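One-based numbering, in listed order, for ligands and for the atoms of each. All values below come from the heavy atoms of this structure, side chains included, with hydrogens, waters and symmetry mates left out. Owing to the predicted nature of the structure, the values given are computational and were not obtained by experimental measurement.
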Amino acid sequence: IAVASAKGGVGKSSVAVNLALALKENGARVGLMDADVYGPSVPTMLGITEAPEATADRKIHPLKSHGLQVISMGMLMPPDQAVIWRGPLVMSAIKQFLQDVLWDELDFLVIDMPPGTGDAQLTLVQTVPLAGVVMVTTPQEVALADVRRGINMFNKVEVPVLGIVENMSYFVCPESDKKYDIFGHGGGAQVARQFNLPLLGEIPIDPAIRKGGDSGKPAVEIEGSAVRESFLALARKVAELAIEPAKG
Ligand code: ADP
């Protein structure tokens, strides 16, 4: 299952990490592959500081973290170093993540895609049969224009789009309980209607998501939180949709 956004900064990695954990909490064996090679944020979001082990025959063991199997370019590079690579190198790194990582038996592999519609995305769809893509967007028009382009790209390469997640949908003030639509509201639903796709979830702006992402304690792990419930519900829908085509 790929988690994609045509635009950066909309919360794609946050959704990928919390979705992977929520799938695991719902009982599945889950791997998380951070294919965002230029901006790998999965290690920080999970609090991973170790490097994965390599075997003598140049295979890599994914790291076990929070009950997930995880691989990320961020584990293989010194901190604060930039990956300065052209397309072909990015493509071969992504191929290696799929082919040379010793994933244990998995029910789902969640892939945090790089933003955009370029080489890395094409390599992925050509290397592995994806069950589908979860498109993450924020509600405002500048993000939606990009998400429409993203959906059209996946349609062209015949990868099923499972649905849309609208992140940063609204903010509920903890003092007044009043709801604020900081980036507008309903854009995700509007794109979902336009492409006849399900709206899989509307995730509020919640400082717990930002804090959890920075401190390596993902928000989905906060027992009893609204964010946890929204990700568990999202995971149930995604699992159902991802398994459906295989059944048929
Ligand atoms: P992307 O992968 O699309 O670039 P990230 O997941 O890295 O985006 O999110 C960008 C920033 O916004 C991070 O600091 C993250 O913690 C924060 N963030 C993402 N979603 C939310 C949310 N719903 N509420 C609060 N902060 C969020």
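Ionic pairing of Asp36 and Lys12 is present here: one or more N-O contacts between side-chain nitrogen and carboxylate oxygen are shorter than 4.0 angstrom. A salt bridge is absent between Glu53 and Lys59: the closest approach of a Lys/Arg side-chain nitrogen to an acidic carboxylate oxygen does not fall below 4.0 angstrom. Under a 4.0 Å N-O distance rule, the pair Glu221/Arg228 does not qualify as a salt bridge.
Side chain to side chain, Gln126 and Thr123 fail the donor-acceptor criterion of an N or O pair below 3.5 Å.
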Polar pairs, ligand 1 vs protein, N/O only, below 3.5 Å.
unit_1: ligand 1; atom_1: 2 (O); unit_2: Lys12; atom_2: N; d: 3.4
unit_1: ligand 1; atom_1: 2 (O); unit_2: Ser13; atom_2: N; d: 2.8
unit_1: ligand 1; atom_1: 2 (O); unit_2: Ser13; atom_2: OG; d: 3.0
unit_1: ligand 1; atom_1: 3 (O); unit_2: Gly9; atom_2: N; d: 3.2
unit_1: ligand 1; atom_1: 3 (O); unit_2: Val10; atom_2: N; d: 3.0
unit_1: ligand 1; atom_1: 3 (O); unit_2: Gly11; atom_2: N; d: 2.9
unit_1: ligand 1; atom_1: 3 (O); unit_2: Lys12; atom_2: N; d: 2.8
unit_1: ligand 1; atom_1: 4 (O); unit_2: Gly9; atom_2: N; d: 2.9
unit_1: ligand 1; atom_1: 6 (O); unit_2: Ser13; atom_2: N; d: 3.3
unit_1: ligand 1; atom_1: 6 (O); unit_2: Ser14; atom_2: N; d: 2.8
unit_1: ligand 1; atom_1: 6 (O); unit_2: Ser14; atom_2: OG; d: 2.7
unit_1: ligand 1; atom_1: 8 (O); unit_2: Gly11; atom_2: N; d: 3.0
unit_1: ligand 1; atom_1: 20 (N); unit_2: Asn167; atom_2: ND2; d: 2.9
unit_1: ligand 1; atom_1: 23 (N); unit_2: Asn167; atom_2: OD1; d: 2.9
unit_1: ligand 1; atom_1: 23 (N); unit_2: Pro204; atom_2: O; d: 2.8
unit_1: ligand 1; atom_1: 24 (N); unit_2: Asp206; atom_2: N; d: 2.9
unit_1: ligand 1; atom_1: 24 (N); unit_2: Asp206; atom_2: O; d: 3.3

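Contact check for Val165 versus Met135: no side-chain heavy atoms found under the 4.5 Å cut-off.
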Do any side-chain atoms of residues 204-220 form donor-acceptor pairs under 3.5 angstrom with protein atoms, and if so which ones, sequence neighbours left out?
unit_1: Asp206; atom_1: OD1; unit_2: Ala208; atom_2: N; d: 2.8
unit_1: Arg210; atom_1: NH1; unit_2: Asp214; atom_2: OD2; d: 2.9
unit_1: Ser215; atom_1: OG; unit_2: Lys211; atom_2: O; d: 2.9

